[in-house]
Structure formats: C-alpha cells, structure tokens
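Working notes for the structure below.
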There are 2 protein chains.
Amino acid sequence: MSSTSKYLSASERRAVTVEAVIALAAEQNPSQITTAAIAERMGLTQGAIFRHFPNKEAILEAVMGWVSERLISRIEKALAGEPSPLAALQGMFMAHAGFITEHPGIPHLLFEELQRAGETAPKRMVLTLVQRYEERIKRLLEKGKACGELDPELNSKAAATLFLGMIQGLVMQSLIVGDVNHIRRNASKVYAVYERGIRSAS
Amino acid sequence: MSSTSKYLSASERRAVTVEAVIALAAEQNPSQITTAAIAERMGLTQGAIFRHFPNKEAILEAVMGWVSERLISRIEKALAGEPSPLAALQGMFMAHAGFITEHPGIPHLLFEELQRAGETAPKRMVLTLVQRYEERIKRLLEKGKACGELDPELNSKAAATLFLGMIQGLVMQSLIVGDVNHIRRNASKVYAVYERGIRSAS
DNA sequence: TCAAAGATAGTCATCAATTACTATCTTTGC
DNA sequence: GCAAAGATAGTAATTGATGACTATCTTTGA
C-alpha cells in the first residue's frame, strides 16, 4: 500500500512508469520526453528504468497497452447503458472527452506515434486501436440507420472520420486556449452540430 | 533557373531549405528532422545551413511564415469567387484539403509546434495562424446565419472547431491508410455530413 | 579580385543504454 | 524464530552515438 516506498515491485514500477509518461505527455511534446525526465518524475535515477524495460520503445509499448485497455473499457461501459444507437454514440463521445480531459497527454502520444516513420510495435498498437475504434463507430452508425434514427443516406465511413476529427479538433482547441477543461466544457456543443449532421430528417 | 547549380543566392537557398523541411515532414515525425537531414535533402553539407539561418528555430520560423502566407492566400482566393457563405465555406474547405494533399507534412508541423512546451517564435506564429483561420470561419458562419443559409440556432464557435477537426480527422485517416490522396478523395464526403449539420432546416 | 556560398573538421551538450556496486526485501535451513 | 543466502530494486558513473552549432579553409561567379 505504501505507494511512497522507494522500493516497488517490478510490476508496480512498470505501472508507475506508464503513468509518469502519460503525465509528462500532457506538459510537453512527447518526443521531448527523455528517460531521465521519466525517472525524475518518479523520484528514481535514469538507469533504474532499464531494470524494468529493455529499451525506451518498450516503455511506449506499455503506455499504448495501458491506453488501449482503459479507453476501450471506458467506451464500452458508456455504451452499455444506452438504449438507442444515437444515445450510445453520444455517450461514447462524452466518455472519450472525459477520458482525455483526465489524461490530456494521450492524444498527443497517439498522434505522435501515428506520424512516426517506419514500423514500430507501439505504432502498430495505435493503428489497431484507432481502427477498432472506428469500426465500433461505424457499426453504431449502421445500427442507427437501420432503426431510422439516422439519415439513411449517411456515409458511415465519412461520419466516423468526422467523429474522430471532432475529438482532434477539441484537443487542438484546448492547446490553443491552453486549458484542458476546454474539451469537456465544449464537447456537447460540438457534438450537437455533429448530431444534426447525421440524424434523420425527423 | 539553373536549379541544379550548387551555389545559390542566400534568398534562394533559404527558400529551398523551407521546401526541404516541408518535404521531410511528410515522411517522418517533425521532431526527427535534423539539420543534417535537411542538408542532405538539398545536397548540401550540414554546416552550410548555418550560413543562412542563425539557428534551427529560425528555420522553423521561416517554414511557418511560408505556410501562413500560402495557406491564407490560397484560402482567400478560393473564397473570392464564391457567391454565398455556404459555397464559400465549402470552397475554403476544399482548397485547404487540396493544399495539405500537396504538402502533407504541413499539418504535422503545425500540430507538433502547437504541443511544444514553452513559448517559441514558431509556436506563436502557428497560434496566430490558427486563430486567424478560425476567426475567418466564424465570420463566414455568422454571415450564413444572417442570410438564412445556415441554422440560426447554430453555435458558430463549436461549428468552427468542428471545421478544423474535420481536417485533422482526414489527416489522421490518411496516416492510418498510409496514403495522402485519401484526404482529397474523401474530403467532399466528410464535408457533406458537416454541411448537413450547419445548414438551415429549409 | 573579392565577397558570398559551400566544404571540412571540429566542439560541446544531450540522450539511451550499460556496468559495477549497494540497499532492501524474501526465502530457507537449522 | 532467525540469521545467512539469494533475489530483486535502485544508485552512480560512464560510454558511444547523435545533434546543434562554430571556426577555418576553399571554391565560385559577378
């Protein structure tokens, strides 16, 4: 329990490391996150990190695993309660907005990883995460069309792209304003415009 | 004209340098763009770059200047011909999509700069560019509401955020697919969903 | 011919990774 | 029960690679 004890078990230390990276990503460009900075954040020396990870890429891999797991479970939980596809979609969006307000570094990490050249393990993990996420949105949209809630003419793929873009737009906006809470405060307003674009003519 | 001459005038060399950076940004993470890589792309030695720029930040500054100028002028040109606010907005979007399809590295550069910690000159340039751009969209949206083309209930700020997010979404999509032309191919489909979200009920 | 552009060969700082050593837990044999 | 032995976590110093930047020499073209 004594999370302030200097000596942590390997698995605890790995978990703390992942959290340190996510916290740092909220404050600075992910490419500027050095192993020394991660160690300092944990009150550890730089070399100690390599007792728990073979190399820096493995840290990133662990971070992406953490993000995938948490984000997916949070989204699914938000979806579970909602009765209609349209309500589920909104719940999904608000859950996502809440998640990145709590962990504003995450979208930066994902985007950074996506634009990396070459094929790294963490990049592949981001790719599958985003693709799975997109599939989930598309399925929901198709269901919405089927039950008459959404415009039958709607292009689901385009609408899914816009859904993800909506989040990116809010993140960018929060970077400009310099306040992460901007995301949660404005999420529903932006979503309202989106919903108007996809729902059936009534 | 002899663009293959090794010896260029200072201003020509600066222009070529900016283009080299933008080309490199399309292939790799902007933070991985080294002065050595820029030099190699131009067929120059690394040290020679510092004959024309006092430091690396100055190169980034020049790049941001180039982007601001070109993007703004291209957008304004697209706007000029269009009669109605709604048509102007669409023209603006398609012009932007075309611009980043030609220079796919640019959104990466801008986003990278936005999430940089601290206050650098290039970051300030990106901030003012995005803010000016956003203002332009909002004005157009207000005009559209005034002339009855757009939903009078529309939240212009939220719609502007979504407009910018739409571009980010397309960029992300193109990173996933691994093909920049994806942006131009899908721009109009995504825009159709957006337009439905903002236009008047008619 | 000479000033501007480029080449060459460095310096210095930073960063990921390693290594030899130390501190602290945990297990085992009596 | 409890000390010795081993396992595990962390320290501190170092290394090799890399990157921004600089000093000095060489070439070019007007």
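Naming convention: chains lettered A, B, ... in sequence-line order (proteins, then strands); numbering from 1 in each chain.
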Between CD of B:E40 and P of C:dG6 the distance, given in whole Å, is 17 Å
Considering every strand and a 4.0 Å limit on heavy-atom distances, what is the contact class for A:T45: base, sugar-phosphate, or nothing? base
Inset, instruction - Classify the side-chain pair B:Q173/B:H182 by whether it contains a donor and acceptor separated by less than 3.5 Å. - result: no
Rounded to whole Å, CZ of A:R13 lies from C1' of D:dA7 at a distance of 17 Å
A:H52 atom NE2 is separated from D:dA7 atom C1', nearest whole Å, by 13 Å
Atom CD of B:E57 and atom P of D:dA20 are separated, to the nearest Å, by 13 Å
Atom CD1 of A:I59 and atom C1' of C:dA16 are separated, to the nearest Å, by 10 Å
Residue pair A:A48/B:S11 against DNA chain C: nearer the 5' end by closest nucleotide is B:S11
*No-H, no-angle donor-acceptor pair, B:R51 side chain to D:dT27 base, under 3.5 Å*: no
With no angle test and no hydrogens, is the base of C:dC15 tied to the side chain of A:Q46 by a donor-acceptor pair under 3.5 Å?
no
* Asked: Would you say A:R132 has more than 12 foreign heavy atoms packed within less than 6.0 Å of its CZ?
  -> no
Atom CD1 of A:I49 and atom P of D:dT11 are separated, to the nearest Å, by 10 Å
When rounded to whole Å, the CZ to P distance for the pair A:F50 and C:dC15 reads 12 Å
A:K56 atom NZ is separated from C:dT14 atom P, nearest whole Å, by 15 Å
With B:S156 as partner, the option from B:K138, B:E134, B:E142 fulfilling side chain to side chain donor-acceptor pair (under 3.5 Å) is B:E142
- Would a distance-only check, ignoring hydrogens and angles, find a side-chain to backbone donor-acceptor pair under 3.5 Å from A:E12 to A:S9? yes
